[in-house]
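Here's the structure, in structure tokens; my notes come after.
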Amino acid sequence: MGFFSKPKDVEVETTAVPAEEHVEEIPSLPTPLTSTVIATGLTVSGTLEGEGVIQVEGVVKGQIVLNGAVIVTTTGSIEGPVTANVIQIAGSIRGNCIAREHMCLEKTGNLEGDVTTISLIVHDGGRLNGRSNMVKTIDAKATAEPSAPAEELEFGPNYKAKG
């Protein structure tokens, strides 16, 4: 065959090879904190316990014990004690609060009750009607139960000391 000559026709047999499916493994995602929103217009009664973040835009009547954060928006209110790692109040809470790490009372926030925390910020305009107890650490007993059961508390002008 010459240098510029045409090659003879050669029949080549081809077979279709199925394309190998390449499936990448999806990397495992970190477990997100569960987040709950108590929406505006919603009222929840009872004890809320668990882990994650609770954002209160409506009304909660009862105790909250949370390993995580409680955020009370400007439309939200809580009537009862709150225990959480972080508490942020832009609405209102009527009850004692224990913030294991940090508590922030925003300028629209109102707290009627005592607060025990390691770190407390009260923005200009925020209202705290109660006592604040600043501690270095929060012990387990303080987070387990409020200081006094509600039925033992007595308030008002008709209060008479027992004894």
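What you see is a predicted model, and the numbers here were worked out from it, not measured in a lab.
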Point to revise | Validation row: Val53, Ile71 side chains within 4.5 angstrom (heavy atoms) | key: yes

Practice item. Return the minimal non-hydrogen interatomic distance between Ala84 and Gly68, and the atom names on each side. Key: CB-O, 3.7 Å

Exercise for review: May I ask you to test the Asn110-Ile93 pair for a side-chain heavy-atom distance under 4.5 Å?
Suggested key: no

Practice item. State, yes or no, whether a side-chain contact exists between Val72 and Ile87 at a heavy-atom distance under 4.5 Å. Key: no

Exercise for review: Give the C-alpha distance, both sets of side-chain angles, the deciding distance and a yes or no for side-chain contact (heavy atoms from CB on, under 4.5 Å) between Val115 and Asn133.
Suggested key: CA-CA 6 Å; Val115 60; Asn133 184 19; over 6 Å; no

Point to revise | Beyond-backbone contact of Leu48 with Ile54, side-chain heavy atoms, under 4.5 angstrom | key: yes

Review point. At their closest point, which heavy atom of Lys107 faces which heavy atom of His123, and how far apart are they?
Key: N-CB, 3.7 Å

Review point. Under a single-linkage definition using a 4.5 Å side-chain heavy-atom cutoff for Ile, Leu, Val, Met, Phe, Trp and Tyr, are Val122 and Ile78 assigned to the same hydrophobic cluster?
Key: yes

Review point. Do Arg100 side-chain atoms and Ile98 backbone N/O form a donor-acceptor pair below 3.5 Å?
Key: no

Review point. Looking at side-chain heavy atoms only, is the closest gap between Ser77 and Arg94 below 4.5 Å?
Key: no

Practice item. Could you list the residues that satisfy side-chain hydrogen bond (donor to acceptor under 3.5 Å, both in side chains) with Ser92, not counting sequence neighbours? Key: none

Practice item. Calculate, to the nearest 0.5 Å, the distance between atoms CD and OG1 belonging to Gln63 and Thr47 respectively. Key: 5.0 Å

Check your understanding: Would you say the side chain of Asn67 lies within less than 4.5 Å of the side chain of Glu49, judging by non-hydrogen atoms?
Key -> no

**Study point:** From Ser132, Ser119, Cys97, residue fulfilling side chain to side chain contact (heavy atoms under 4.5 Å, CB included) relative to Met103
**Key:** Cys97

Check your understanding: Would you say Val86 and Val70 make side-chain contact, with heavy atoms under 4.5 Å?
Key -> no

Check your understanding: Any salt bridge (Lys or Arg N to Asp or Glu O under 4.0 Å) pairs touching residues 113-126, not counting sequence neighbours?
Key -> Asp114-Arg131

Exercise for review: Is it possible for you to say whether Ile89 and Ile121 belong to one hydrophobic cluster, with membership spreading through side-chain heavy-atom contacts below 4.5 Å?
Suggested key: no

**Study point:** Val37 reachable from Leu66 in the ILVMFWY side-chain graph, under 4.5 Å edges
**Key:** no

**Study point:** Min side-chain heavy-atom separation Thr117-Met134 under 4.5 Å
**Key:** yes

Point to revise | Atom pair CG (Asn96) and OG1 (Thr83), whose distance is rounded to the nearest 0.5 Å | key: 9.0 Å

Practice item. Can you sort out the partners of Thr75 under side-chain contact (heavy atoms from CB on, under 4.5 Å), two or more places apart, ordered by chain and number? Key: Thr40, Glu57, Thr73

